Amino acid sequence: MLKTIRKHGITLALFAAGSTGLTAAINMMTKTTIDEQAALQQKALFDQVLPADRYNNQLQNRCFIVSAPALGKGEHRVYIAEKNGTPVAAVMEATAPDGYSGAIQLLVGADFNGTVLGTRVTEHHETPGLGDKIERRLSDWITHFSGKSIQGANDSRWAVKKDGGDFDQFTGATITPRAVVNAVKRAGLYAQTLPAQLSHLPACGE
């Protein structure tokens, strides 16, 4: 009886070891492919907020971590675009904390002279049929930030039309677009301060 139990125990141990080894091997084989696909998806998103002809460096390799109230609570990634070695623009993760149904996560591209180059929503919980028009697949509203300049913190154009600004609100939903407009404005203003900070910002992964 004891001999049989020992035999089964060894068999189970060998099976477990084999399964673990197989899983590890599969993970190693697929990790590179998964990482490559993730990088391609990230690059595609970058291209929506920052025209590819504006820079010629590997954007993913110029990543910094910042803690800036202008971008929202907590840490955010900032990617610096360069043209022939000179920093020219940034792609920034930003948070609009005051959406109707919670925080709205954004990706904002802007140059260092006060011009927003593009914006996309990366995560939100806004009401379907109302606030979700901030999604590019449902509406072109989010594309209207491209090429808009910001003339300082008191630029009244950077508001929804209900508040006297240039940006449309949605029928039955003003809180959501207002939150996004304000967050994009703050990110664009923050981008103007980045050149002076680059020498001491921590790189991603440090």
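Quantities reported herein were computed from a predicted structural model and do not represent experimental measurements. One is the number of the first residue; the rest follow in order along the sequence.
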| message | Would Ile150 and Val116 count as a side-chain contact (heavy atoms from CB on, under 4.5 Å) here? Give the steps. | response | CA-CA 8 Å; Ile150 307 172; Val116 173; 4.1 Å; yes

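- Lys73 places no side-chain N or O within 3.5 Å of a backbone atom of Pro69 that could act as its donor or acceptor partner.
- The residues Asp163 and Arg178 are annotated as salt-bridged, a charged nitrogen and a carboxylate oxygen being separated by less than 4.0 angstrom.
- Across Gln42, Gln58, Gln60, a single residue satisfies side-chain hydrogen bond (donor to acceptor under 3.5 Å, both in side chains) together with Tyr79, and that is Gln42.
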| request: Could you walk me through whether Leu201 and Val78 pass the side-chain contact (heavy atoms from CB on, under 4.5 Å) test, one step at a time? | output: CA-CA 10 Å; Leu201 287 178; Val78 170; 5.8 Å; no

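- At a threshold of 4.5 Å between non-hydrogen side-chain atoms, the residues Val180 and Phe167 do not count as touching.
- Nearest approach of Leu50 to Arg54, heavy atoms of both residues: CD1-CB, 4.4 Å.
- Linking ILVMFWY side-chain heavy atoms closer than 4.5 Å, directly or via other members, places Ile175 and Ile142 in two distinct hydrophobic clusters.
- Interatomic distance, CG of Leu106 versus CE of Met92, reported as 10.5 Å (0.5 Å rounding).
- Between Leu189 atom CG and Trp158 atom CH2 the span is 8.5 Å, to the nearest 0.5 Å.
- In terms of the ring-ring contact (aromatic ring centres under 6.0 Å, His included) criterion, residue partners of Phe170 (sequence neighbours excluded) are, by chain and number, Trp141.
- More than 12 heavy-atom neighbours from other residues, nucleotides or ligands sit within 6.0 angstrom of CZ on Arg157.
- A distance of 13.0 Å separates OG1 in Thr86 from CD1 in Ile80, rounded to the nearest 0.5 Å.
- In this structure, CG in Asp168 is found 4.0 Å from NZ in Lys161, a value given to the nearest 0.5 Å.
- Atom OH of Tyr100 sits in a sparse spot, with 12 or fewer heavy atoms from other residues, nucleotides or ligands closer than 6.0 Å.
- For the atom pair Asp132 CG and Thr127 OG1, the distance stands at 8.0 Å (nearest 0.5 Å).
- For Lys162, the NZ atom is loosely surrounded, since the number of other residues' heavy atoms within 6.0 Å does not exceed 12.
- Screening residues 56-72 for salt bridge (charged side-chain N to carboxylate O under 4.0 Å, His left out), with sequence neighbours left out, gives Arg62-Glu82.
- What you find for Pro97 and Arg186 is that their closest heavy atoms are CD-NH2, 3.7 Å.
- For the pair Gln197 and Phe64, the minimum side-chain heavy-atom distance is 4.5 Å or more.
- Between Ala81 and Tyr55, the shortest heavy-atom contact is CB-CB, 3.7 Å.
- Rounded to the nearest 0.5 Å, atoms OG1 (Thr122) and CD (Glu93) are 7.5 Å apart.
- Closest heavy-atom contact between Pro177 and Val160: C-CG1, 3.9 Å.
- The nearest pair of heavy atoms linking Ala153 to Lys185 is O-NZ, 2.6 Å.
- Annotation for Ala103 and Thr95: closest pair CB-CG2, 3.8 Å, computed over non-hydrogen atoms.
- Note on Ile65 and Leu107: separate hydrophobic clusters, where clusters join Ile, Leu, Val, Met, Phe, Trp and Tyr whose side-chain heavy atoms are under 4.5 Å apart, directly or indirectly.
- Grouping the Ile, Leu, Val, Met, Phe, Trp and Tyr side chains by contacts below 4.5 angstrom, directly or via other members, places Leu138 apart from Leu130.
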| field | Check against side-chain contact (heavy atoms from CB on, under 4.5 Å), Arg120 and Ile134 | value | CA-CA 8 Å; Arg120 290 293 184 273; Ile134 55 177; over 6 Å; no

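- Distance alone, capped at 3.5 Å, places no donor-acceptor pair between the His125 side chain and the Gly102 backbone.
- Judged by distance alone, with hydrogens and angles left aside, the side-chain atoms of Lys83 form no donor-acceptor pair with the main-chain N or O of Asn56 at under 3.5 Å.
- Side-chain contact between Leu59 and Lys43 is absent, with no heavy-atom pair separated by less than 4.5 Å.
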